[in-house]
Amino acid sequence: MKITRRFTQPGQSAFDCFEYTSRSSVLRNPDGSVVFELHDIEVPSHWSQMATDILAQKYFRKAGVPQFNADGTPVLDEAGKQVYGGES
C-alpha cells in the first residue's frame, strides 16, 4: 500500500504545521462551584475555547497516569512509590 503525502513536507512533523498555546478549562455548576478544572493544556492557537474545553473534559485521563518530573524521572511519594494523577 502506498500513501501519497499531501499536507506535510518530507522531514517535517505534522505537529510543526501549527502554533500552540497554553489554556485552561474550568467547568462550573450554576452556583459557581467548580466541577472540573485543568490548567496549562497545550492546544493549537486557532482552536476556540469550546474546543479546548471538550478536549480537556472528555479526552484527558483524570487519574491513574504515572507522573514524571521535567527531567523525565518518576515522581515518588514519601514511601518511594510512584505517584499517579491526571494526564497532562
Side-chain angles (χ1 to χ4, degrees):
M1 176 196 293
K2 182 176 179 178
I3 299 173
T4 305
R5 181 182 299 274
R6 292 186 180 228
F7 301 106
T8 62
Q9 302 300 318
Q12 178 188 29
S13 169
F15 296 109
D16 294 337
C17 296
F18 302 100
E19 281 187 38
Y20 293 87
T21 186
S22 291
R23 295 199 186 146
S24 295
S25 177
V26 179
L27 179 64
R28 296 180 185 275
N29 283 318
D31 66 0
S33 60
V34 175
V35 175
F36 173 84
E37 188 171 26
L38 186 61
H39 298 285
D40 298 324
I41 309 161
E42 193 171 321
V43 297
S45 58
H46 67 275
W47 278 21
S48 67
Q49 185 61 45
M50 178 68 73
T52 301
D53 291 341
I54 291 169
L55 174 76
Q57 296 165 17
K58 304 297 181 197
Y59 297 105
F60 279 114
R61 288 178 53 194
K62 312 304 186 278
V65 179
Q67 302 295 296
F68 293 91
N69 293 312
D71 64 359
T73 59
V75 175
L76 305 175
D77 64 11
E78 301 81 32
K81 294 186 179 184
Q82 174 82 52
V83 173
Y84 295 90
E87 191 171 16
S88 61

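Y59 and F15 sit in two unconnected hydrophobic clusters of ILVMFWY residues. Membership requires side-chain heavy atoms under 4.5 Å apart, directly or through other members. At a threshold of 4.5 Å between side-chain heavy atoms, the hydrophobic network of Ile, Leu, Val, Met, Phe, Trp and Tyr places V26 and M50 in two separate groups. Cluster membership for V34 and L27, using ILVMFWY side-chain heavy atoms within less than 4.5 angstrom, is not shared.
With a 4.5 Å cut-off on side-chain heavy atoms, Y20 and S45 do not count as touching.
Side-chain N or O atoms of D31 include one that pairs as donor or acceptor with a backbone N or O of S33 at under 3.5 Å. Using modelled atom types, no side-chain atom of N29 and backbone atom of G32 make a donor-acceptor pair closer than 3.5 Å. With D77 contributing its side chain and A79 its backbone, the two residues share a donor-acceptor pair below 3.5 Å.
Around the CZ atom of F18, the shell of radius 6.0 Å holds no more than 12 heavy atoms that belong to other residues, nucleotides or ligands.
Rounding to the nearest 0.5 Å places CG of L76 at 6.5 Å from CD of Q82. One distance of note links OG of S48 with CZ of R23; it measures 7.5 Å at 0.5 Å rounding. The line from NE2 of H39 to OG of S22 is 12.0 Å long, rounded to the nearest 0.5 Å.
The minimum heavy-atom distance between L38 and I41, with the atom names listed, is O-CD1, 3.8 Å. Closest approach of F68 to V75, counting heavy atoms only: C-CG2, 3.7 Å. Scanning all heavy atoms of the two residues, the minimum distance from F7 to C17 falls at O-SG, 4.3 Å.
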Going through the distances and angles, do V65 and Q67 end up as a side chain to side chain contact (heavy atoms under 4.5 Å, CB included)? CA-CA 6 Å; V65 179; Q67 302 295 296; 4.1 Å; yes
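A side-chain hydrogen bond (donor to acceptor under 3.5 Å, both in side chains) with T8 is found for exactly one of Q12, R6, R5, namely R5.
Side-chain contact annotation: D53 with S25, donor-acceptor N/O pair under 3.5 Å present.
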